[in-house]
2 protein chains.
Amino acid sequence: MLEMAILGLLNEAPMHGYELRKRVLALLGGFRALSYGSLYPALKRMREQGWICAQDPVDTSRVLPADAPPLTGKRGKVVYALTAEGKERFQGLLTDGGPEAWEDERFGVRFAFFAQTDVDVRLRILEGRRRRVEERRDGLRASLSRTRERVDRYTLELQQHGLDSVDREVRWLSELIDSEKVDRVAVDGNENTL
Amino acid sequence: MLEMAILGLLNEAPMHGYELRKRVLALLGGFRALSYGSLYPALKRMREQGWICAQDPVDTSRVLPADAPPLTGKRGKVVYALTAEGKERFQGLLTDGGPEAWEDERFGVRFAFFAQTDVDVRLRILEGRRRRVEERRDGLRASLSRTRERVDRYTLELQQHGLDSVDREVRWLSELIDSEKVDRVAVDGNENTL
DNA sequence: ATGAGGTTGTATCGCGCCGATATATCGACA
DNA sequence: TGTCGATATATCGGCGCGATACAACCTCAT
């Protein structure tokens with residue numbers, strides 16, 4: 001969800017919408033897009049919620065000539081910043097390792113801010129995510145082996161490619177989990193190695 | 001888009017919504033989901049468009065007792081079938097190799113019905129798709145090499161994984177394209193091999 | 001210097017799609 | 001007999017997208 005991405009980026013520095021969008025796009029590495037049609041409504045919602053506040057300079061430094069046009073727009077740059085509640089909210093999201101954290105929509109954003117989370121939460125989310133993806137993989141595998149003989153080449157190819165993708169994600173997650181466990185042991189100084 | 005998936009499946013056999021959903025899920029191999037919140041409105045839209053018609057038996061075979069409850073629901077199974085216009089529409093979609101055919105949302109469905117399309121359209125779509133994915137890959141690569149030194153491990157890992165995914169899709173598409181070209185040469189009997 | 005084109009920047013509209021939810025029927029099995 | 005799970009239809013609120021409009025600014029060739 002956008003909420004966390006916006007909170008996380010504004011937590012680093014105040015920004016206006018346009019830059020926020022570019023940063024989110026870069027952050028997620030193409031995992032998810034972010035259109036203006038989502039961004040501005042989201043900012044509005046979050047302002048109403050009290051997570052963020054908007055400093056609107058309207059560029060009063062510029063003097064308008066007397067015969068200025070109707071100036072219907074008069075939109076100035078709006079710089080957004082986190083409020084105290086916003087910071088609190090973001091910290092809450094960081095600490096939360098609940099099931100929603102490993103669903104498709106949230107996982108990417110969640111992962112992008114892993115550096116600000118502690119090892120236990122990271123592991124919980126990664127393992128939850130892996131279980132989730134494994135379930136999908138098994139479903140796909142079953143469905144594929146059931147229909148393998150009865151469908152045309154392209155349907156097969158598509159399903160196989162889908163299966164390969166989730167398979168790859170499982171492997172990726174497993175590597176990350178292993179790596180986290182090594183780190184944790186190094187930090188814990190060896191209690192319950194499992 | 002759902003429209004084509006529904007048309008394509010109903011083109012094989014009439015079905016009711018519930019089964020339609022299962023078939024679409026299996027067809028796309030997890031590429032896209034399909035919730036009831038999309039399905040039923042889509043069916044409604046398509047009925048209004050005249051692509052499909054609904055045979056509603058309402059189960060009149062069953063005799064209601066005189067003291068029957070309000071029967072607020074009284075929903076019977078609705079079997080949907082393609083109309084002549086619907087078949088025409090589906091054929092039109094199959095023949096169309098326009099740019100929308102290789103965008104993310106449509107490509108999966110489009111590909112699932114490749115068996116009913118001819119080689120030239122298949123090649124056009126596959127090559128369009130490859131160009132599209134290559135663009136994204138190059139953008140990602142550039143962004144990654146720009147920021148590589150300035151971001152934390154997890155952001156890097158996420159972006160790298162995203163890049164690997166699109167890279168993999170490009171390779172997949174290339175194999176498919178090669179394979180199509182071999183087939184075409186075999187059929188054409190060798191004119192303009194390129 | 002002027003004006004064309006590109007980038008920055010804010011904002012809205014319609015609509016597709018999702019998740020959650022409500023409701024009803026049917027078969028299986030205890 | 002009752003209850004559970006699968007089958008089945010349908011709606012609601014809300015999010016996110018693509019398209020679009022608008023406006024200010026910068027650069028660069030003419």
Inset, instruction - Check every strand shown and say whether B:G37 touches a base, only sugar-phosphate, or nothing at a heavy-atom separation below 4.0 Å. - result: base
Inset, instruction - Can you figure out which of C:dC18, C:dT10, D:dT9 approaches the side chain of B:H16 most closely? - result: D:dT9
Inset, instruction - Select one nucleotide: of C:dC17, C:dT10, D:dT11, the one nearest the side-chain heavy atoms of B:Y36. - result: D:dT11
Legend entry - N/O (side chain, B:Y40) to phosphate O (OP1/OP2, D:dT9) under 4.0 Å: yes
Legend entry - Between P of C:dT7 and NZ of A:K77, the distance in whole Å: 16 Å
Inset, instruction - May I ask you to verify if any side-chain N or O of A:S38 is less than 4.0 angstrom from the OP1 or OP2 atom of D:dC17? - result: yes
Inset, instruction - State which of D:dG16, D:dA10, C:dT10 makes the closest approach to the side chain of A:Y18. - result: C:dT10
Inset, instruction - Following the transitive rule for hydrophobic clusters with a side-chain heavy-atom cut-off under 4.5 Å over Ile, Leu, Val, Met, Phe, Trp and Tyr, establish whether B:M1 and B:V121 coincide in one cluster. - result: no
Legend entry - Whole-Å distance separating the CG atom of B:L34 from the P atom of D:dT9: 13 Å
Inset, instruction - Decide if atom CD of B:E149 counts as having more than 12 heavy atoms of other residues, nucleotides or ligands within a radius under 6.0 Å. - result: no
Legend entry - B:R132 charged N/C atom sitting above B:W102 aromatic ring, 6.0 Å / 45°: no
Legend entry - Toward the 5' end of DNA chain D, by each residue's nearest nucleotide, B:E19 or B:P41: B:E19
Inset, instruction - Measure from CD on A:E100 to C1' on C:dC18 and round the result to the nearest Å. - result: 16 Å
Legend entry - Closest nucleotide among D:dA10, C:dC18, D:dT11 to the B:K44 side chain: D:dT11
Inset, instruction - Return yes if some donor-acceptor pair links the side-chain N/O of B:S38 with the main-chain N/O of B:L34 below 3.5 Å, else return no. - result: no
Inset, instruction - Would you indicate what B:L39 reaches in the nucleic acid, counting non-hydrogen atoms under 4.0 angstrom: base, sugar-phosphate, or nothing? - result: nothing
Legend entry - Closest to side chain of B:V78, choosing from C:dG19, D:dG16, D:dT9: D:dT9
Legend entry - Residue met sooner reading DNA chain C from 5', once B:R45 and A:E105 are mapped to nucleotides: B:R45
Inset, instruction - Report the distance from atom CG of B:L144 to atom CZ of B:R141, rounding to the nearest 0.5 Å. - result: 9.5 Å
Legend entry - Integer-rounded Å distance: D:dT11 P and B:L43 CG: 11 Å
Legend entry - Touch class at under 4.0 angstrom, heavy-atom based, for B:A33 against every strand present: sugar-phosphate
Inset, instruction - Can you tell me the distance, in whole Å, between the CZ atom of A:R106 and the C1' atom of C:dC18? - result: 13 Å
